[in-house]
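These notes concern the structure reproduced below.
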Amino acid sequence: DEERDMRTIILALVAAMITTSAQAFFWDTTPKTDARAVECMAKAIYFEAGGESERGKIAVAKVVMNRVNSNGVYPDNVCDVVYQRTSKYSCQFTWTCRRNPKIVSNDVYEEAKQIAEAVLEGKIKEDPTNGSVSFNNTPFRGLRHHVKIGNHYFYRSRLVQIASGD
């Protein structure tokens with residue numbers, strides 16, 4: 001009787017473990033956005049496009065995501081893309097080279113954070129840059145920009161084939 005009770009308890013524990021594992025596998029209960037990724041993306045939006053329209057802010061976020069989904073041409077996560085350096089003194093996003101840039105408008109940062117969350121969660125599907133992986137506030141000499149949004153010129157790269165983020 002005691003042995004049978006112990007077997008019943010063990011079987012119940014195994015069943016609970018299997019059920020929990022199956023739920024974790026089939027029903028992903030983890031948050032869709034990583035807080036660190038949201039912060040990195042929000043800062044990129046804030047410092048690069050804080051004075052731009054919502055579309056301009058989304059465009060910067062999409063450039064970050066296009067880089068993340070570039071099949072190895074750029075790093076494969078948001079924070080590594082945002083803070084990527086091309087050399088000791090050169091950064092992909094210029095504000096990341098400055099020491100401790102300050103957020104001076106909480107309202108603009110909150111908007112940037114909302115856009116970051118929406119882009120990272122896949123709620124904003126449209127890419128106004130049409131696959132661009134770089135941008136600048138002045139046209140690059142010798143390069144034809146792909147699209148202009150607000151004060152930014154956006155460029156695609158022949159080296160990058162964007163993988164679907166879906």
Side-chain angles (χ1 to χ4, degrees), residues 27-166:
W27 299 282
D28 185 9
T29 57
T30 57
K32 288 190 175 215
T33 55
D34 171 309
R36 187 166 177 266
V38 169
E39 182 182 351
C40 292
M41 175 81 78
K43 285 181 177 179
I45 294 166
Y46 177 86
F47 288 114
E48 295 289 347
E52 297 290 328
S53 67
E54 181 178 287
R55 188 167 188 259
K57 290 176 177 78
I58 291 168
V60 167
K62 288 298 185 169
V63 165
V64 172
M65 292 311 298
N66 289 340
R67 288 182 178 201
V68 167
N69 296 317
S70 68
N71 290 321
V73 176
Y74 293 96
D76 64 357
N77 71 71
V78 171
C79 292
D80 286 352
V81 162
V82 170
Y83 290 98
Q84 183 181 20
R85 290 183 175 265
T86 54
S87 72
K88 185 176 179 181
Y89 303 105
S90 180
C91 305
Q92 291 288 314
F93 295 90
T94 53
W95 64 271
T96 63
C97 279
R98 287 187 247 139
R99 286 185 150 208
N100 301 318
K102 302 282 185 230
I103 293 170
V104 295
S105 172
N106 288 332
D107 291 343
V108 175
Y109 182 74
E110 282 306 312
E111 180 188 11
K113 195 172 173 184
Q114 288 174 356
I115 290 170
E117 287 172 342
V119 168
L120 289 167
E121 290 175 1
K123 293 178 180 173
I124 297 175
K125 301 233 184 269
E126 182 205 358
D127 178 0
T129 75
N130 296 316
S132 295
V133 292
S134 61
F135 63 91
N136 202 7
N137 59 359
T138 57
F140 288 124
R141 275 197 186 159
L143 286 179
R144 214 174 112 226
H145 65 276
H146 180 64
V147 67
K148 184 176 189 292
I149 300 170
N151 293 311
H152 288 117
Y153 298 84
F154 292 85
Y155 301 87
R156 283 200 239 172
S157 170
R158 287 178 292 206
L159 301 173
V160 177
Q161 294 290 355
I162 305 300
S164 173
D166 298 330

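The analysis underlying the following values was restricted to heavy atoms, covering all of them including side chains, and did not include hydrogens, waters or symmetry mates.
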> Taking the side chain as C-beta and beyond, is there a heavy-atom pair between Ile103 and Phe47 under 4.5 Å?
Replying inline: yes

> CD1 of Ile115 to CD of Glu110: how many Å apart, nearest 0.5 Å?
Replying inline: 11.5 Å

> So Met65 and Leu120, side chain to side chain contact (heavy atoms under 4.5 Å, CB included) or not? Walk me through it.
Replying inline: CA-CA 8 Å; Met65 292 311 298; Leu120 289 167; 3.7 Å; yes

> Is any side-chain heavy atom of Ile149 closer than 4.5 Å to a side-chain heavy atom of Glu52?
Replying inline: no

> Is the side chain of Tyr46 donor-acceptor paired with the backbone N or O of Ser105 at a distance under 3.5 Å, no angle test?
Replying inline: yes

> Gly56 and Ala49: which non-hydrogen atoms are nearest, and at how many Å?
Replying inline: O-CB, 3.9 Å

> If every non-hydrogen atom of Asn137 is compared with every non-hydrogen atom of Tyr153, which pair is closest and at what distance?
Replying inline: O-CE1, 3.9 Å

> Are Ile124 and Lys62 close enough, and set up right, to give a side chain to side chain contact (heavy atoms under 4.5 Å, CB included), and what steps lead you there?
Replying inline: CA-CA 9 Å; Ile124 297 175; Lys62 288 298 185 169; 4.3 Å; yes

> Looking at side-chain heavy atoms only, is the closest gap between Gln84 and Asp80 below 4.5 Å?
Replying inline: no

>> If I compare all heavy atoms of Cys97 with all of Arg85, which pair ends up nearest, and what's the gap?
In response: SG-NH1, 3.7 Å

>> Just so I know, are the side chains of Pro128 and Ile58 near enough to count as touching, which here means a heavy-atom distance under 4.5 Å?
In response: yes

> Closest heavy-atom contact between Phe93 and Val82?
Replying inline: CD1-O, 3.3 Å

> Parallel, tilted or perpendicular: which describes the rings of Phe135 and Phe154, with under 30° parallel and over 60° perpendicular?
Replying inline: tilted

>> If I take atom CD from residue Glu54 and atom CD from residue Gln114, how far apart are they, to the nearest 0.5 angstrom?
In response: 9.5 Å

Could you go through residues 35-45 and list every donor-acceptor pair under 3.5 Å that involves a side-chain atom there, pairing it with any protein atom two or more places apart or in another chain?
| unit_1 | atom_1 | unit_2 | atom_2 | d |
| --- | --- | --- | --- | --- |
| Glu39 | OE2 | Lys43 | NZ | 3.1 |

>> Assess, by modelled atom type and distance only, whether the side chains of Arg67 and Gln92 contain a donor and an acceptor separated by less than 3.5 Å.
In response: yes

> Run the side chain to side chain donor-acceptor pair (under 3.5 Å) check on Thr129 and Asp127 step by step: do they pass?
Replying inline: CA-CA 5 Å; Thr129 75; Asp127 178 0; 2.6 Å; yes

> What heavy-atom pair brings Val119 and Ala61 nearest, and what distance separates the two atoms?
Replying inline: CG2-CB, 3.9 Å

